Amino acid sequence: MSVKALLVPEKLPRHVAIIMDGNGRWARKRGNARVFGHRNGVKAVREVTEAAAELGMGYLTLYAFSTENWSRPKNEVDALMALLVSTIASETQTLMKNNVQLRSIGCLDSLPSKVKAELDTCIKQTANNTGLTLILALSYSSRWEITQGVKRLAEDVKNGRLEISAINDQVFSSYLETREVPDPELLIRTSGEFRISNFLLWQIAYAELYFSDILWPDFRKEHFYEALLDFQKRERRFGKTSDQLILKK
Ligand code: FPP
């Protein structure tokens with residue numbers, strides 16, 4: 001029986017976030033430049049997006065480029081930016097066909113104008129799609145996001161638009177890039193690394209973490225289903241005891 005057939009539709013996470021890792025190692029193992037790994041990573045992006053859309057998932061967030069990634073060699077950064085432009089352009093029709101809406105989070109002003117323009121075009125074109133929302137984290141880091149949010153919040157307090165006593169975690173969430181997006185219930189990281197790497201630190205407070213040994217370019221729908229199945233086997237307690245959860249049933 002395929003892993004997909006074992007999934008319980010009502011118990012699927014609404015939002016899955018993925019740290020796509022291992023492109024460089026995948027390429028090196030084949031004696032190729034790191035960029036070769038990124039190019040082959042696009043197939044995995046396509047696979048998980050299609051799988052998430054087919055399953056009727058609400059949100060899929062992909063960590064495509066971190067704030068820290070700017071310090072990689074210039075040729076790698078340039079190649080990644082060019083890959084983003086060509087992939088977004090070539091995939092827009094597929095997103096339309098699959099009713100997928102594209103969004104992005106991160107410091108988009110720091111992206112090259114070509115990337116920003118392609119991204120804006122695709123976001124506008126897919127804005128009325130009602131299926132999966134695919135969120136690309138680009139030039140994103142959680143500490144950057146939180147710092148930006150704190151600045152905007154402080155500004156609102158200073159201008160009298162927000163009372164200090166009204167600040168709670170929901171209010172703070174509304175100052176983040178992910179406002180209006182439910183927190184991820186499942187975070188997947190590929191390539192056998194056990195780190196969060198400055199990704200959605202606030203939003204993953206209660207997320208289940210899943211680490212896969214697969215290098216990102218090899219990640220396929222079956223691996224995604226395995227992560228979802230693992231998620232469905234977990235008991236999510238949100239600070240309560242197991243007994244309390246049984247009594248609620
Ligand atoms: C991490 O692998 C991967 C990235 C920094 C980039 C991810 C980009 C893609 C999959 C391609 C384009 C994406 C989209 C959404 C169109 P790494 O380079 O850190 O690998 P390593 O840990 O083996 O060095």
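Atoms within each ligand, like the ligands themselves, are counted from 1 in listed order. Owing to the predicted nature of the structure, the values given are computational and were not obtained by experimental measurement.
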Could you tell me whether the side chain of T87 and the main chain of L84 form a donor-acceptor pair under 3.5 Å? no

Taking a hydrophobic cluster as the set of Ile, Leu, Val, Met, Phe, Trp and Tyr residues connected by side-chain heavy atoms closer than 4.5 Å, whether directly or through intermediates, do I135 and L201 fall within one such cluster? yes

Have a look at ligand 1 and work out which part of [X], if any, has a heavy atom under 4.0 Å from it: side chain, backbone, both or neither.
{"X": "T87", "answer": "side chain"}
{"X": "L215", "answer": "neither"}
{"X": "L62", "answer": "neither"}

In the protein, which heavy atom is nearest to atom 3 (C) of ligand 1, and how far is it? M20 O, 3.2 Å

Which protein heavy atom lies closest to atom 14 (C) of ligand 1, and at what distance to 0.1 Å? L84 CD2, 4.0 Å

Would you say R72 touches ligand 1, if touching means a heavy atom closer than 4.0 Å? yes

Pairs involving residues 207-226, ordered by first then second residue, that meet salt bridge (charged side-chain N to carboxylate O under 4.0 Å, His left out) (sequence neighbours left out): E50-K221, E54-K221, E208-R234, E208-R236

For Y59, ring pair (Phe, Tyr, Trp, His ring centres under 6.0 Å) partners two or more places apart: H15

Identify the two heavy atoms, one from S197 and one from Y63, that lie closest to each other, and give their separation to 0.1 Å. O-OH, 3.0 Å

Would you mind listing which atoms of ligand 1 come within a distance below 4.0 Å of any non-hydrogen atom of [X]?
{"X": "L83", "value": "11 (C)"}
{"X": "L136", "value": "15 (C)"}
{"X": "W216", "value": "10 (C)"}
{"X": "N69", "value": "5 (C)"}
{"X": "R34", "value": "17 (P), 18 (O), 24 (O)"}
{"X": "D21", "value": "1 (C), 2 (O), 17 (P), 19 (O), 20 (O), 21 (P), 22 (O)"}
{"X": "R25", "value": "21 (P), 22 (O), 23 (O)"}

Could you check whether [Y] and [X], counting side-chain N and O atoms only, form a donor-acceptor pair closer than 3.5 Å?
{"X": "W202", "Y": "S173", "value": "yes"}
{"X": "Y140", "Y": "E177", "value": "no"}
{"X": "T126", "Y": "Q101", "value": "no"}

Looking at side-chain heavy atoms only, is the closest gap between I18 and V16 below 4.5 Å? yes

Run down the list N23, I19, V85 and name the one with the heavy atom closest to atom 10 (C) of ligand 1. N23

Has ligand 1 got any nitrogen or oxygen that is less than 3.5 angstrom from a nitrogen or oxygen of A64? no

